[in-house]
2 protein chains.
Amino acid sequence: MMNRTDSDEEKKTPAFQMVIDHLREQILSGGLAPHASLPSERAIGEQFGISRMTARRALLAIEMEGLAYSSGRRGRFVSPQRLTYDISRTVSLSALAGKEELGLTIKVVSQQTIEADAALSAKLAVAEGEALYKYTRVFLLKDHPAFIEEEYAVARLFPGLLDHNLQQSTTTLMEKEYDMPPHSGDITIRMRALNEDEAGLLGLPTYNAGIELEQVIYGANGKPFCFGRQIWRGELAEFSAHAIVRG
Amino acid sequence: MMNRTDSDEEKKTPAFQMVIDHLREQILSGGLAPHASLPSERAIGEQFGISRMTARRALLAIEMEGLAYSSGRRGRFVSPQRLTYDISRTVSLSALAGKEELGLTIKVVSQQTIEADAALSAKLAVAEGEALYKYTRVFLLKDHPAFIEEEYAVARLFPGLLDHNLQQSTTTLMEKEYDMPPHSGDITIRMRALNEDEAGLLGLPTYNAGIELEQVIYGANGKPFCFGRQIWRGELAEFSAHAIVRG
DNA sequence: CCAGCCTATTGGTATATACCAGATTCCAAG
DNA sequence: CTTGGAATCTGGTATATACCAATAGGCTGG
């Protein structure tokens, strides 16, 4: 059935591995351009003389490598390039805004006014129950989701914030319209599995891994005014920083 | 066959999902302590009345969530707690050293002297071909691998470095023995799939995702003297920073 | 008591098959 | 030309089965 080329050398080299190597080479060599479609599970199965489940497995590995993304039942496509986010230079997406060539668009998923719970009141140094603006947005590169951002802003400091167009950098908005430039930020980055909602918004299977970035943004007076949580497709994120050693 | 409780509500809720939810609850509630063993694929299959492949799928999802790790053909075990690495305060593992309760040990995998290639000479601002010390170490928590570190140090600055015991913080070593305290660092963090060697050292299946952290460490004179690359088990890593906005 | 072997168990790989539901394509009826 | 629906894609879920290799545990003979 299979035409494994490893029969001469001792043994092993799984079948799905050959498919992975083949697809990776195709993608990295540029034989398949970003957003081009990959062969279907069944097609790969026939092409390599393996079962669909084995082909599927290879494709899922390619997805995990970040080389491709799947889009529901439409098929799988080659991933675009990784973005770099300099956390010691910027807060929020100011570094990305203006990069028109990336095809960055923002989709507002929800916006509302809520009351601070215990966790948020601690992060934003406000009383529990104080009004906060909460808005959720998805950032897309050429219609391909890159990350989700949930932001919580102290409502008292930004009256009418939700009346503005949220399809832009909110830190720019806060700086220009409310004279609240960001001064510093506390950032936490970790890798974790996505829940169902997040996976749905990012177009990923549930329990795929992604990168979570949380940040509290402080104003010139040293007080926090905004808390944000971003969930990135892992293969698209890259974070850089320049740190001065203290103590 | 199965005893799915979702027959009353409309439909769906995959079988493997029930297993995931059950295992997650068990682990998060503390019913299963860190490093305790999980039921085998076959045992879960029988317990839930599903096939082994479906049980396997649920277990792999639990692994991806970081709640458990597999250890070759010995079985699967509950993951220990996540570590936090403050990149704006420290370089290398000084933050972790001294935390005896974590059971941190270091295994030296290899050490050698090499010549700088183009990439390394650029990062370390030395001539191509200049001698560098290279050593690879695995950091373990109670015998459970947490991350791999490859470090490259400019040999000229640290004569005889490899004669020291490398089962300790090398930045401390460089500071105490060679009077080269770290002053600042350039750090890059990304998520990516592991290759075979890395997966082997970390006890993970190949093509699992992990977090890569690269850093160039600069001395007080502003010159780089050490380049390191760490590959973390994603579920164990957490990076934090305090950043001042510039520009 | 310990070394060596045998066996049971575990995860890893692989197949063939089946049905479902969303997406796309295309053609025919209006 | 447009709309409707059918046929045909796609991936998602699930099963039953098979063999392999590495591990762990128990037993047995020295």
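Naming convention: chains lettered A, B, ... in sequence-line order (proteins, then strands); numbering from 1 in each chain.
The nearest whole Å value for the distance from the CZ atom in R57(B) to the P atom in dT15(D) is 11 Å. The nearest whole Å value for the distance from the CE atom in M53(B) to the P atom in dT10(C) is 16 Å. Look at CZ on F77(B): it is 10 Å from C1' on dT10(C), rounded to the nearest Å.
When all heavy atoms of R190(B) and R82(A) are compared, the closest pair comes out as CB-NH1, 3.3 Å.
The side chain to side chain contact (heavy atoms under 4.5 Å, CB included) search around I44(A) returns V19(A), L23(A), P39(A), F48(A), A55(A), L59(A), not counting sequence neighbours. Taking E150(A) as the reference, R229(A) meet the salt bridge (Lys or Arg N to Asp or Glu O under 4.0 Å) condition, with sequence neighbours excluded. Remark: S110(B) engages Q112(B), T136(B) in a side chain to side chain contact (heavy atoms under 4.5 Å, CB included) (not counting sequence neighbours). Judged as a ring-ring contact (aromatic ring centres under 6.0 Å, His included), and not counting sequence neighbours, the contacts of F77(B) are Y69(B).
Sorted by first and then second residue, the salt bridge (charged side-chain N to carboxylate O under 4.0 Å, His left out) pairs involving residues 161-171 of chain A (not counting sequence neighbours) form an empty list.
One finds no side-chain N or O of T54(B) lying less than 4.0 angstrom from the OP1 or OP2 phosphate oxygen of dT13(D). Applying the 4.0 Å criterion to OP1 and OP2 of dG12(D), one finds that R56(A) has a side-chain N or O inside that range.
With hydrogens and angles ignored, a donor-acceptor pair under 3.5 angstrom links the side chain of R52(A) to the base of dG12(D).
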Protein-nucleic acid N or O pairs under 3.5 Å, nucleotides 5-10 of chain D:
{"unit_1": "dT10(D)", "atom_1": "OP1", "unit_2": "S40(A)", "atom_2": "OG", "d": "2.8"}

